[in-house]
Amino acid sequence: MSAGRASEGAGCITWWGFSPARDLLKTGPVKRGGDVNVLLLGSGDPRHILKTISGLQEEERLHVWVIESSMEVVARQLLLLYLALMPKESVGNNEKTEVFLEVFGNGEIRSQTEETLRHAASQLSLSVTETLETAAHPCLNTTLLKFKERDELARIFKLWIQPKSSSSSSQSAAPILMSKAWDYRVRQHLGTRYDSKKGCFDWDLKMKLHERGCGVINKQQYARWRERGLAFEMREGVYQITNPSLLSSRVFSQKGNKVALRGYWGDIVSSPYLSFGIETDDKSMLKTQNGQHIKTAQDISFANVQELFHSLSSSRGCPPTSSQSDADQPPPESERKSVTINDVMPLSGISVTFLPLDSLDKLPEKQKFSHFFDSVYFSFSCVHKLGPTVRQIAAPDAVLVVELAKYILDVNKEQEAGFAEKVLSMALDAEFEPWREGKSDDVHAVFIPKRN
């Protein structure tokens with residue numbers, strides 16, 4: 001057995017980001033008012049979308065455009081946005097937060113959560129296949145995707161709805177057990193260190209995540225996630241149903257033939273706590289006692305997501321008809337209704353549009369997108385796409401934000417610094433220069449267009 005492949009830790013598909021949520025309109029030179037267009041490349045989850053919406057001023061209108069690397073990530077982005085926009089008439093804020101985080105960061109989910117996921121998938125499938133020109137909801141807009149991409153989305157949603165009868169082939173009809181798929185990845189990653197995996201998990205937490213400022217990530221919770229893929233366990237319940245939104249296909253070469261294997265191919269090292277759980281404006285949640293954090297990354301994730309959801313419904317959603325405490329309570333079972341795509345909470349002046357996977361290089365060809373985007377975000381996994389075309393679609397006073405390698409645990413300090421230098425070089429070649437007026441940040445690099 002080999003000693004394992006370190007580069008496998010981050011996976012080959014981005015189910016969650018490797019950086020905390022950012023309000024992209026407050027990242028870089030602040031420019032407020034009117035219509036704002038933001039382009040996200042490979043963000044992997046809706047953290048930046050939700051955070052940016054929460055900071056909008058009343059007169060601002062936000063249009064987010066999303067390009068991902070695979071349709072499986074697009075499907076999951078749509079699912080998470082759908083869950084975030086479920087109306088309070090059907091689910092209380094606490095329960096919505098729990099379900100969102102469960103689907104977001106758990107390889108295995110509860111039966112109630114699976115029901116919600118399958119219903120959401122059926123509604124999303126209808127919206128993708130039946131609304132060809134006008135989006136069923138402005139924040140779930142797939143009308144600009146290619147027909148084959150929309151067919152692929154429908155196929156993925158169908159897998160989520162009917163996981164046990166997804167194919168007529170007996171070979172692929174058997175459901176995939178996340179416990180086995182997850183353990184396969186852990187064995188592959190650790191190699192000969194698998195038998196001492198608990199020590200490996202502890203080393204990665206203390207010597208890597210904690211050293212990078214993530215002290216709120218709790219030892220027991222991190223070890224549970226590393227071993228089982230279970231990041232958020234917020235209430236008593238049985239977490240044993242595979243979360244289909246975290247499954248994808250990966251192509252391998254076997255004896256000269258290419259074979260697609262379905263399994264879990266995402267991050268197994270850095271953790272889903274990074275997106276919502278390591279930063280907070282509430283400093284009381286960062287207090288320590290005897291050198292230990294009182295609150296955990298799970299606690300902070302819950303508080304942050306709950307606050308983001310409250311801001312969605314109070315500032316941009318339908319006017320509240322009851323007090324905040326009432327809105328946080330789940331409605332009585334008799335009053336609940338099955339949410340359809342038409343019931344999803346409308347957000348005034350906000351849209352999220354998904355673009356074709358290969359559209360970045362084609363956007364300059366369209367007059368509409370000439371010097372169009374006020375903010376452009378590149379994830380760590382999409383930096384290789386940063387080139388001169390970006391300058392053609394960026395507004396004259398645009399901000400370019402690039403996710404760095406700080407939280408990629410299999411990257412050492414020298415490699416992290418080398419990656420930052422590479423990003424700087426690529427940005428300069430694309431006619432951008434570093435924004436030097438703000439506080440330096442080793443999580444994201446911020447650039448502005450070069451001045452002639």
Side-chain angles (χ1 to χ4, degrees), residues 6-29 38-49 51-52 66-69 73 204-205 207-217 266-267 269-279 297 360 373 375-387 390-391 394 398-449:
S7 61
E8 282 287 326
C12 63
I13 188 166
T14 308
W15 291 133
W16 43 74
F18 292 101
S19 59
R22 285 282 179 269
D23 181 343
L24 293 175
L25 302 190
K26 293 179 182 173
T27 305
V38 173
L39 177 64
L40 299 177
L41 288 112
S43 57
D45 65 38
R47 68 194 187 283
H48 301 314
I49 298 174
K51 184 77 171 177
T52 304
V66 182
I67 300 174
E68 289 293 353
S69 300
V73 177
D204 283 344
L205 178 65
M207 303 308 294
K208 294 182 179 180
L209 280 169
H210 285 181
E211 286 294 313
R212 288 165 165 84
C214 303
V216 292
I217 299 182
D267 167 43
V269 175
S270 294
S271 89
Y273 298 123
L274 296 174
S275 292
F276 300 105
I278 62 172
E279 293 183 352
L360 179 61
F373 296 105
S375 178
V376 180
Y377 178 91
F378 278 83
S379 71
F380 167 83
S381 61
C382 284
V383 168
H384 62 282
K385 297 180 180 179
L386 174 54
V390 177
R391 188 67 185 84
V399 178
L400 170 65
V401 182
V402 182
E403 183 180 61
L404 299 177
K406 178 175 182 176
Y407 297 118
I408 308 294
L409 299 199
D410 294 328
V411 170
N412 62 35
K413 284 290 181 185
E414 291 73 22
Q415 291 168 324
E416 183 187 337
F419 182 78
E421 290 175 10
K422 178 183 175 184
V423 167
L424 173 60
S425 174
M426 294 174 76
L428 291 171
D429 288 345
E431 296 295 313
F432 287 87
E433 62 186 15
W435 180 58
R436 304 192 185 280
E437 296 173 31
K439 185 175 67 173
S440 62
D441 184 346
D442 56 358
V443 181
H444 293 99
V446 182
F447 303 91
I448 57 176

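Between Asp441 and Thr27 the shortest side-chain heavy-atom distance does not fall below 4.5 Å. Inter-residue side-chain proximity for Leu424 and Phe447 is flagged as met; some heavy-atom pair is nearer than 4.5 Å. With contacts defined as side-chain heavy-atom distances shorter than 4.5 Å, the pair Val66/Pro46 does not qualify. For the pair Glu68 and Cys382, the minimum side-chain heavy-atom distance is 4.5 Å or more. Counting heavy atoms from C-beta on, the side chains of Leu404 and Phe419 come closer than 4.5 Å.
Residues meeting the ring-ring contact (aromatic ring centres under 6.0 Å, His included) test with Phe378, sequence neighbours left out: none. Every residue was checked against the side-chain hydrogen bond (donor to acceptor under 3.5 Å, both in side chains) condition with Glu416, not counting sequence neighbours, and none meets it. Residues passing the salt bridge (charged side-chain N to carboxylate O under 4.0 Å, His left out) test with Asp23 are Lys26, sequence neighbours excluded. Residues that satisfy the side-chain hydrogen bond (donor to acceptor under 3.5 Å, both in side chains) test with Lys51, not counting sequence neighbours, are absent from this structure. Take Pro29 and apply the side chain to side chain contact (heavy atoms under 4.5 Å, CB included) test, not counting sequence neighbours, and it matches Val399, Trp435, Ile448. For Tyr377, the ring-ring contact (aromatic ring centres under 6.0 Å, His included) partners at least two apart in sequence or on another chain are His48, His444. Residues satisfying the side chain to side chain contact (heavy atoms under 4.5 Å, CB included) criterion with Asn412, sequence neighbours excluded, are Glu414, Gln415. Residues meeting the salt bridge (charged side-chain N to carboxylate O under 4.0 Å, His left out) test with Lys385, sequence neighbours left out: none. Every residue meeting the side chain to side chain contact (heavy atoms under 4.5 Å, CB included) condition with Lys422, not counting sequence neighbours, appears here in chain and number order: Met426. Residues meeting the side-chain hydrogen bond (donor to acceptor under 3.5 Å, both in side chains) test with Ser271, sequence neighbours left out: none. Partners of Asp45 under the side-chain hydrogen bond (donor to acceptor under 3.5 Å, both in side chains) rule, at least two apart in sequence or in another chain, are Arg47, Ser275.
For the pair Ala430 and Gly387, the tightest heavy-atom approach, listed with the atom from each and the gap, is CB-O, 3.5 Å. Nearest heavy atom pair, residue Gly42 against residue Ser381, reads O-OG, 4.2 Å. For the residue pair Val446 and Gly28, the shortest heavy atom distance occurs at CG1-CA, 3.8 Å. Contact between Gly277 and Val216 at its shortest, heavy atoms only, is O-CG2, 3.4 Å. Between Ala427 and Leu400, the shortest heavy-atom contact is CB-CD2, 4.4 Å. When every heavy atom of Leu409 is checked against every heavy atom of Lys208, the shortest pair comes out as O-NZ, 3.4 Å.
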Exercise for review: Apply the test side chain to side chain contact (heavy atoms under 4.5 Å, CB included) to residues Val38 and Leu25: give CA-CA distance (whole Å), side-chain angles for both, the deciding distance (0.1 Å), then the verdict.
Suggested key: CA-CA 9 Å; Val38 173; Leu25 302 190; 4.1 Å; yes
Practice item. Would you please test Ile278 and Leu209 for side chain to side chain contact (heavy atoms under 4.5 Å, CB included) and show each step? Key: CA-CA 10 Å; Ile278 62 172; Leu209 280 169; over 6 Å; no
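Rounding to the nearest 0.5 Å gives a distance of 5.5 Å between CH2 of Trp16 and CG of Asp267. In this structure, NE2 on His210 lies 11.5 Å from CG on Asp204, to the nearest 0.5 angstrom. Rounding to the nearest 0.5 angstrom, the gap separating the CG atom in Leu274 from the CD1 atom in Ile217 is 5.5 Å. Rounding to the nearest 0.5 Å places CG of Leu41 at 9.5 Å from CG of Leu386.
Put simply, the side chain of Ser270 gets close to the backbone of Tyr407: a donor and an acceptor are under 3.5 Å apart. Checking side-chain atoms of Thr14 against main-chain N and O of Gly44 turns up no donor-acceptor pair under 3.5 Å. In this structure a side-chain-to-backbone donor-acceptor pair under 3.5 Å is missing from Glu279 to Pro20.
The aromatic rings of Phe18 and Phe380 stand perpendicular to each other, their planes meeting at an angle above 60°, with 30° marking the opposite boundary.
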